[in-house]
Amino acid sequence: MAKERKVWFITRPERDPKFHDEAMAALQKATDDFSVKWANNREAHKQFESVLSQSGLKRNNISDSGSGGRTWAAMLRTFAYCYTNEDGYLVPTKAGRKLIEGEKVFDNIKKQILTLQIPNAYFLESGFRPKFEEDFSIRPARFLIKLTNQPDLNYYVTKEEITYFVLTAKKDNELTFITEKILEFRHATDIGKQEIRQHTAEVYDHRERSDKGARDFEMAHSDVAHTFMLISDYTGLVEYIRGDSLRAIPADSKKVSAELAFFDERYPFNNRYKISPQRMAENNGLDVDSFKASGYGTEKPATSKNKLENKIKKTLESYPAVDTLSTDEIKEILQKVLPPRDAEAQAFELKERSYGALNTDFVEAYLNEKDPLAFEDKTGEIFKAIGFDVMMRPKPHTPTTTKIEILLKYGDKECGIIDAKNHKKFNLSASLASHMVTEYLPHYDGIDGRDVQFFGYVSATTFSGEKTLKKITEKIKDKIPDREIQGMIISAPVLLAFLDYCLEENLSKQERVALFLKAFNNTGYDNFGKLLKAVNN
């Protein structure tokens with residue numbers, strides 16, 4: 001079994017981004033506008049190769065296995081022009097569609113290059129091997145351009161330096177560290193340089209070891225270095241001197257820095273891969289005109305203004321969608337950490353930004369929440385953002401010893417109950433089912449004059465016991481015979497993915513609630529594709 005990747009990688013090395021639009025058009029044609037199943041369909045892969053050849057993008061030979069078509073499609077998925085859905089079909093993103101339609105081709109390709117990150121949706125697909133090590137969190141092209149645009153490096157980085165040093169960076173904040181390694185290499189003797197090369201090969205090569213050492217490492221990874229130089233050159237922010245180096249123009253340095261700062265603010269690191277590869281691909285594949293802010297952007301140095309922004313960012317991380325809150329609600333939240341006048345001013349400013357997108361800071365806080373009570377509260381905030389009238393730990397209207405964590409009210413007289421489970425793995429056991437039938441459902445039916453219509457469980461991670469849902473539905477008929485009360489189990493990442501989808505599709509709260517109610521059909525949802533299929537039927 002191959003070890004995990006320790007250095008950058010990109011599928012289909014050396015492919016010029018100037019032809020990404022033509023490749024997407026060829027993929028559309030080969031799959032009959034994406035209506036032909038792609039996964040495990042060798043004929044579709046060969047057909048794509050054929051169309052690529054006809055378009056002049058590929059040499060005129062078709063492999064028996066269709067491997068050429070697969071690797072070209074993998075490259076397009078790497079840049080989030082399309083993704084593979086739950087049924088094995090390729091789905092174009094908004095950016096992918098714009099390339100096919102010929103709209104703002106340069107701007108959209110440039111945006112996809114500068115938002116390319118590790119990890120991304122394609123790198124998380126089961127077929128991508130070997131996987132990257134888990135601690136990667138970097139935008140490669142953006143990192144490389146920032147590195148090049150430095151007076152300390154005389155505004156250039158060589159292909160060799162990229163191969164041995166830049167490709168080893170795992171996080172966006174390693175700029176200084178990589179700069180120092182390059183400078184050490186430049187100042188070393190020939191023998192010292194060879195020792196550095198050899199050390200890099202020994203530490204970072206994830207492949208089986210060979211006797212060739214540094215030379216073998218360079219041969220294996222220089223094509224990747226070349227490709228990142230090529231795509232960085234496409235952005236117009238730096239220049240690729242073929243076979244030699246990537247260079248920035250000193251006179252343009254401030255302008256380049258300003259544009260990169262704009263991208264840092266507008267497109268912070270996207271952590272949607274933690275909730276759903278599909279949502280990651282769709283959001284990362286938004287075209288340049290579909291931008292929605294999701295937060296304050298990348299955390300900034302501690303100036304007075306930026307310290308305030310970071311404080312507000314931290315305060316709002318408990319709320320999944322700032323745009324769903326009123327100005328008064330935001331003001332009330334900020335008053336916990338700011339004077340009333342400042343809280344009011346910041347609340348108005350936040351509403352003017354009109355986020356309309358998932359707060360990615362909330363994603364981190366929610367999915368890493370260790371406190372069961374805080375997990376319940378954050379789950380309640382998600383249901384509020386969806387559009388339900390949420391009651392946390394309401395007292396039942398009949399005598400009982402236990403309380404449900406979350407009650408969801410909607411319509412004139414309907415409600416449902418949710419049990420939030422912050423376990424490493426949640427199992428819907430017979431005893432928990434009995435508790436739902438005897439303690440929860442009958443004692444909350446009729447609360448505030450409302451009829452309980454559904455029940456559900458939100459699991460922090462994985463779950464089992466889906467079949468038990470139907471047993472609860474059957475048993476509760478003895479106590480509440482006038483309606484069919486069905487349930488669901490949903491993982492926390494999928495619940496977040498649903499809210500993210502609703503926000504991106506600009507659905508009203510009424511539409512969100514109506515859509516979500518369709519998911520209560522005694523099913524467990526451990527991936528977003530399964531949920532989306534259920535609610536859209």
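Fair warning: this is a prediction, and the values are worked out from it, not measured in the lab.
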Would you say [X] and [Y] make side-chain contact, with heavy atoms under 4.5 Å?
| X | Y | value |
| --- | --- | --- |
| D87 | K533 | yes |
| L428 | S464 | no |
| Q117 | F269 | yes |
| V390 | K409 | no |
| Q278 | Y83 | yes |
| T71 | H45 | no |
| L408 | I386 | no |

Neighbour count above 12 (heavy atom, 6.0 Å) for [X] [atom1]:
| X | atom1 | value |
| --- | --- | --- |
| N40 | CG | no |
| E329 | CD | yes |
| K171 | NZ | yes |
| N537 | CG | yes |

Contacts of type side chain to side chain contact (heavy atoms under 4.5 Å, CB included), residue E381, not counting sequence neighbours:
Y319, P320, K384
Compute the centroid of each ring, for F9 and then for F132, and state whether the two points are separated by less than 6.0 Å.
no
With ring centroids as reference points, do F498 and F528 lie under 6.0 angstrom apart?
no
So which atom in H397 and which in H443 form the shortest heavy-atom distance, rounded to 0.1 Å?
CD2-O, 3.1 Å
Donor + acceptor pair across side chains of [X], [Y] (<3.5 Å):
| X | Y | answer |
| --- | --- | --- |
| N271 | E364 | yes |
| N283 | D500 | no |
| T473 | N522 | yes |
| D33 | Q28 | yes |
| S326 | D328 | no |
| H20 | Y81 | yes |

Can you check whether [Y]'s main-chain N or O pairs, donor with acceptor, with [X]'s side chain at less than 3.5 Å?
| X | Y | answer |
| --- | --- | --- |
| K477 | I485 | no |
| K475 | T438 | no |
| R512 | F388 | no |
| S276 | A497 | no |
| N359 | L316 | yes |

My understanding is that only one of F520, F516, Y444, Y440 makes a ring-ring contact (aromatic ring centres under 6.0 Å, His included) with F454; could you say which?
F520
So, using salt bridge (charged side-chain N to carboxylate O under 4.0 Å, His left out) as the criterion, who are the partners of K425 when residues are at least two apart?
none
In sequence, state the C-alpha distance, the side-chain angles, and the governing distance for S429 and N427, and then conclude on side-chain hydrogen bond (donor to acceptor under 3.5 Å, both in side chains).
CA-CA 6 Å; S429 63; N427 175 42; 5.2 Å; no
Taking the cut-offs as 6.0 angstrom to the six-membered ring centre and 45 degrees off its axis, would you call K378 and Y366 a cation-pi pair?
no
Verdict with reasoning, F128 to Y122, per ring pair (Phe, Tyr, Trp, His ring centres under 6.0 Å)
CA-CA 7 Å; F128 179 76; Y122 172 64; 5.4 Å; yes
Hey, what's the ring geometry for Y267 with F263, parallel, tilted or perpendicular (30° and 60° as the breaks)?
tilted
